[in-house]
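A quick note: this is a predicted structure, and the numbers were derived from the prediction, not measured. The basis for the numbers below is simple: all heavy atoms, side chains too, and nothing from hydrogens, waters or symmetry mates.
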Number of protein chains: 2
Amino acid sequence: MLQVRDGLLQVLLWRRAHDPFAGSWALPGGYLEPGETLEQSIRRHLAQKVDVRELAHLEQLETRSEPDRTPHEWQLATAYLGLVPSDADPRIPDDTAWHPVDALPPLAFDHESIVLAGRERLRAKLSYTNVGYALAPREFTISQLRDIYAAALGHDVSATNLQRVLLRRGVLESTGQLRASGPSGGRPGALFRFRKQTLEVTDQFAVLRPPSGAGPSSLLRSRAFPAKGGRHR
Amino acid sequence: MLQVRDGLLQVLLWRRAHDPFAGSWALPGGYLEPGETLEQSIRRHLAQKVDVRELAHLEQLETRSEPDRTPHEWQLATAYLGLVPSDADPRIPDDTAWHPVDALPPLAFDHESIVLAGRERLRAKLSYTNVGYALAPREFTISQLRDIYAAALGHDVSATNLQRVLLRRGVLESTGQLRASGPSGGRPGALFRFRKQTLEVTDQFAVLRPPSGAGPSSLLRSRAFPAKGGRHR
DNA sequence: GCAAAAGTGTTGTGTCTACACCCATGT
DNA sequence: ACATGGGTGTAGACACAACACTTTTGC
C-alpha cells in the first residue's frame, strides 16, 4: 500500500509479532480463506489496518513461488499494489507505520523486492495511464500534483509540462475554482480534478499501430481493385 | 504457448481426457509439485508437449482465484505466456493441436479469457520491447518479420516503417547476407537478426521523464546558487 | 522489357521538453 | 514596488506514418 506523505513515496508496513522474522517489518497481508478471491482477501486484511474506502486503486503484481522465500514451510504469495490518495490520513494500528520507499528498514521474506517492484509498476503507469487519480486528492492545484508526481517518480517534474500533457490527454479537467494563495503571496492556483476515477490507458505508446483507415482485423481483407490504371486521390 | 504458424497467431491446446470438461480444449499445464517454482512447473508440464528448447520466452501473466472458475473444487491458477519462434515445428502429442487465436473452439474453465489476455500482453510488448525475437526465426528478411508482426498484431504492418523503427531502436542488426529471391523473381532480401535474445524495453514511452541533466533522485538536491544576479548559460 | 519484391528519400504530423515571458496575489 | 507562486507562448527535437521513387532480381 503506497501513498505520497510528506512529499515522499511511502509504504505501509506492519511489524511482525511472531516467528519467522518476529520483530521485523513486513507488508500487510495474510492467508487466503476458502471461497475468497485473492482480491477480497487482500481487501479484508488491509481493512484491519486502514479504512478500505481510502484504497483508491488495487492491482495484482506477481505471484512469488520460490521454495526458499519462506523458512521452514513453503508458501506462495501473490503481491498486490494498493494506492491511497495523499490527503487521506488513515488511523493505523500501533503495530504499523509508514516508511519512505527510499529508506526501507530490513524487510521480512522477499518483501523488499516486492515493494520495489510495486514502485516500478507505479512509475510506469504514471506515464501512460491516469493512475494519478489514486495518489492525488479529489481536487488539487497543478503544483500539488507536481509534487505528488515528483515524489512517486523520484525526480523533478515540471508543472508547466505536466499540466499540458495531462490536459492534452483529457486526463484532467478544470473545476472553475481557485485555491486561495498562501501566506507568502503568489497567484492563486486553479483547481483541477481527474476526469475519471478508474484506470484508463491514456497513451497507447503503440508504435506499429494499425494503418490509419483499417479496421482491427485486416488479415481477411481482399486488396480490392489492384489499381490497374489510374491513381485515384 | 503462442506461435505464428501459417501466417496466423496460434495457441497450443490440449484436449482434456478427464472430467471436468472432458473432451474440450484447454491450455496445457498442471499441478505444482512440492519444492518447485511456478516457472519450473510450467516448463515441466510444457516439456511433455513440446521440446523446451523451443520456448524462446516465458513470462507470468496473472493468478486467477475466482472460487467458481473450476467446478466442484476450488483451484487457483497462475497463467503464463510462452512464445515459440515461427520456424520451430515441434513434434506434439496426439492430444494437442495448434488453434488460431482468432477462431478458438470453446475452452475449458476461464482459459479463453487467459488466451486473450496473453495476446493483449504480447501485442503491447511488441510495441515497446524487443519480444519479437521470441516469435521470429534466428535470421529473417524484413518481409518475413513483417508477416509475423502482422499476424500477432492483427493488422497490416508496413515493412518500410517496421524496418526503420526497429533499426533506429537498435533492436535489429544486419547480417551481411542476402536471401535468394523466390521463384517469381524480385529483389533478394537482406537478412537481419535480433541483436539481443533476451527481453529488453526499447521504448520507455516515458513521457514525464527526468529532466535532461538530472540524476534519478533529485529530491535531496539543494537548489545551489539561487541565481542572485547573473544568468549563466 | 516487364512484373515482382526490396529498399531509400522525403514530407508532414503529432507529442513532447525547455525556456522565456506574462499574470495575480500578499506584504 | 517587489517577491512569490501560477500560467501561457513559442521554438526546437524527435519519432513516427505515409507515400513516391529507385534498385535488384526472375522470366
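For B:Leu191 and C:dG7, the CG to C1' distance is 14 Å, given to the nearest whole Å. The separation between A:Leu166 atom CG and D:dG7 atom C1' is 15 Å, rounded to whole Å. Atom OH of A:Tyr128 is separated from atom C1' of C:dT15 by 19 Å (rounded to the nearest Å). Counting to the nearest Å, the P atom of D:dC14 and the CG atom of B:Asp203 are 15 Å from each other. The distance between atom CZ of A:Arg146 and atom P of D:dG7, rounded to the nearest whole Å, is 11 Å. With rounding to whole Å, A:Leu162 atom CG is found 13 Å from D:dG7 atom C1'. Whole-Å rounding puts the A:Gln144 CD to D:dG7 P distance at 11 Å. Rounded to whole angstrom, the span from the CZ atom of A:Arg168 across to the P atom of D:dT10 amounts to 16 Å.
With respect to A:Asp87 and A:Arg5, no salt bridge is recorded, no charged nitrogen being found less than 4.0 Å from a carboxylate O. Looking at B:Arg195 and B:Glu200, no side-chain N of the basic residue comes within less than 4.0 Å of a carboxylate O on the acidic one, giving no salt bridge. A salt bridge does not link A:Glu139 to A:Arg179: none of the charged side-chain nitrogens sits closer than 4.0 Å to a carboxylate oxygen. Here B:Asp203 does not pair with B:Arg168 in a salt bridge; the nearest charged N to carboxylate O distance is not below 4.0 Å.
Side-chain proximity of A:Thr160 to the nucleotides C:dA5, C:dC19, C:dT8 is greatest for C:dC19.
Dashed line: the shortest gap from a side-chain N or O of A:Arg187 to OP1 or OP2 of C:dC22 is not under 4.0 Å. Proximity of A:Ser143 to the phosphate of D:dG6: a side-chain N or O atom is located under 4.0 Å from OP1 or OP2. Within the structure, a side-chain polar atom (N or O) of A:Ser184 is placed less than 4.0 Å from OP1 or OP2 of D:dG5. Phosphate proximity of C:dC16 to A:Arg164: absent, as no side-chain N or O sits under 4.0 Å from OP1 or OP2. Taking only side-chain nitrogens and oxygens, A:Arg179 never comes nearer than 4.0 Å to OP1 or OP2 of D:dG5.
Using a 4.0 Å heavy-atom cutoff across all strands shown, A:Ala190 reaches sugar-phosphate atoms only and no base atom. Among the atoms of the strands shown, none is found under 4.0 Å from any heavy atom of A:Ala159.
For the pair A:Val165 and B:Gln163, both in contact range of DNA chain C, the more 5′-proximal nearest nucleotide belongs to B:Gln163.
With hydrogens and angles left out, the side chain of B:Asn161 and the base of D:dA18 share a donor-acceptor pair within 3.5 Å.
Ring centroid separation for the pair A:Tyr133 and A:Phe140 does not come in under the 6.0 Å cut-off.
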